[in-house]
Amino acid sequence: MPSMQSVPEQQATPKDWLGLVVLAFAVLLIAVDGTVLDLALPFISSDLAPSSNQLLWIIDVYSFVLAGLLITMGTLGDRVGRRKLLLIGAAGFGIASVVAAFSDSPEMLITARVLQGVSGATLMPATLGLIRTIFKDPRQRVMAIGLWGAMAGGGAAAGPLVGGWLLEHFWWGSVFLVNIPVMLALIAFGPLVIPESKDPHPGKFDLPSSGLSMLALVPLVYAVKETAAHGLSLLNLVVAVVGVIAGIAFVRRQRSLDDPMIDLKLFSNQAFSTAVFTNFLSVFALAGVLFFGAQYLQLVLGNTPLEAGLLLLPGTASSIVTSLVAAYLIRFWSSGTVLAAGLAAAAVGAALLFGLRVDSGPTLFILGFVLVGAGAGIALTLTSNLVVGAVEPERAGAASAVSETAYELGIALGVAVLGTVVMSFFRRGLDVSNLAGEQATSAQETLGGAASVARSLPTEVGAALTDSAHAAFVTGMHAASAATAVVMAATAVVVAVRLRRW
């Protein structure tokens, strides 16, 4: 084995690969924490008795804060040091997790979730920025990003499984305490195996730009999530307009600054702009399919949450595997070719879901989701590699934050847009002619609401409502899957044309 001194300067050392392991586990937990709470909500509702609005904030405030602070924290890491910010974020995340686990009121849990969002925003761009500076060799870097992407994508899908297992053995606070060992390991080993990196000439930090970025992203994410859950309203529209106006002001300010928070000239780089756009749309598709697929498996096919999570595992596994395989494939083909092929596979997977029926069983869904997951895994690795490769190592944190923001917006809009498509068909197709006014309203709210109303009705009437609800929901899934297939196919064509030289 060669000595450390004989390793070429561009090649990563064993210590660098150990550092990647530490970073990857940090990303895994952040991703898991975004979805692990879903199964714990009934237990939290029983124990803390939150109002409906408080319950929504417990679920959503984490992603609101995370999305709003990504750009700020990415830029801050470039200035103060990415490792330093990473370790501070890990400590904050661990403390917030303990507070969340032992919360004795809804307000306390919401506050803890806010702190988790703040800390999570420091971790995500810092990890990808550090990978950019640690792995100087392009081949090794894309392999490292493949592992990072596998942890990010797999963690989000694994959240319900982790939560299901913990809730079968422990109390609801355990879904937060699972973070503690990894965060302690990150704090202990991070300084030993992760080198510090930052921009040596970062320029002045612009506080107004930070405020505008948050004022743009938080209202937009809030508006799309609320629209997905409750439909379009005047309040949601006003909130979205506030976000758009703040976004326009943010862009104008960046153009006028000598040291902008985001260098908008990056978007003139064809590889960078196409990668960010593709990252957004691939996650958009994955999040939308997960949204209606999880309901289909549970409420139409009758699986328990844990069984549904297990049926989603093949798609999760395909995302993890292709995240890693993508790094190998670009040794033989260009990034544009591999990325376009992955998106085409996702389009085929979404098109397969058009064949789902009320009584078709889970096999066709699993196959379609495997292809969608495979495309998303390839996209996450290759788009992240293109984004950080388009900038100097000193600015990797800010560039990573742009990619992460696209990822978060893709999740929010995927659920909102595709969820709205599904529910619009559901509401139009649901037969509520035999229901009273309040019952009809409840049944039309969600598929779960229709199931709840059906259980309270006489057997024959309830069965008819259940059949109508299942048929209407599957019709909505057909429309959403067709739209997803078209979007993925069009994106594959765009990528093949714009990235043919990469």
Side-chain angles (χ1 to χ4, degrees), residues 128 131-132 135 138-154 156 266-289 315-351 368-391 399-400 402-411 413-414 484-502:
L128 190 53
I131 289 172
R132 171 67 179 90
F135 294 91
R139 280 191 178 183
Q140 290 187 327
R141 184 170 66 241
V142 74
M143 287 175 61
I145 290 175
L147 179 61
W148 177 91
M151 291 297 187
L266 282 173
F267 288 93
S268 64
N269 180 313
Q270 195 159 292
F272 181 91
S273 57
T274 305
V276 171
F277 169 77
T278 305
N279 185 13
F280 166 77
L281 287 178
S282 62
V283 176
F284 173 95
L286 183 65
V289 171
T316 303
S318 74
S319 176
I320 294 171
V321 170
T322 55
S323 291
L324 299 171
V325 170
Y328 178 75
L329 292 178
I330 62 171
R331 296 184 180 186
F332 307 100
W333 296 285
S334 69
S335 292
T337 299
V338 176
L339 185 53
L343 295 168
V348 171
F369 185 53
V370 163
L371 291 174
V372 173
I378 289 172
L380 184 57
T381 292
L382 297 187
T383 58
S384 298
N385 185 58
L386 288 167
V387 164
V388 297
V391 299
S400 302
V402 174
S403 179
E404 291 297 327
T405 301
Y407 180 92
E408 290 296 325
L409 288 177
I411 291 174
L413 284 172
T484 303
V486 170
V487 169
M488 288 294 95
T491 308
V493 172
V494 170
V495 167
V497 172
R498 288 179 61 86
L499 295 182
R500 61 184 180 274
R501 294 189 291 109
W502 277 272

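This one's a predicted model, so the numbers in the text were calculated from it and none came from an experiment.
- When all heavy atoms are compared, the tightest approach of Ala344 to Ala492 is N-CB, 3.9 Å.
- Judged as a side chain to side chain donor-acceptor pair (under 3.5 Å), and not counting sequence neighbours, the contacts of Arg498 are Ser273, Thr274.
- Among pairs with a residue in residues 334-343, those fulfilling side-chain hydrogen bond (donor to acceptor under 3.5 Å, both in side chains) read Ser334-Thr337, at least two apart in sequence or across chains.
- Legend: residues meeting ring-ring contact (aromatic ring centres under 6.0 Å, His included) with Phe272, ordered by chain and number and at least two apart, are Phe267.
- Heavy-atom minimum distance, Ala489 versus Ala347: N-CB, 3.6 Å.
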List the atom pairs, with distances to 0.1 Å, where a side-chain N or O of residues 370-391 and a protein N or O form a donor-acceptor pair under 3.5 Å, not counting sequence neighbours.
from	atom 1	to	atom 2	distance (Å)
Thr381	OG1	Ser323	O	2.8
Thr383	OG1	Ala379	O	2.5
Ser384	OG	Leu380	O	2.7

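- Checked against ring-ring contact (aromatic ring centres under 6.0 Å, His included), Phe284 has no partners two or more places apart in sequence or in another chain.
- For Ala285, the side-chain contact (heavy atoms from CB on, under 4.5 Å) partners two or more places apart in sequence, or in a different chain, are Thr484, Met488.
- The side-chain contact (heavy atoms from CB on, under 4.5 Å) search around Leu329 returns Val325, Trp333, Val338, not counting sequence neighbours.
- Residues Phe135 and Val142 have side chains not in contact (no heavy-atom distance under 4.5 Å, counting atoms from C-beta outward).
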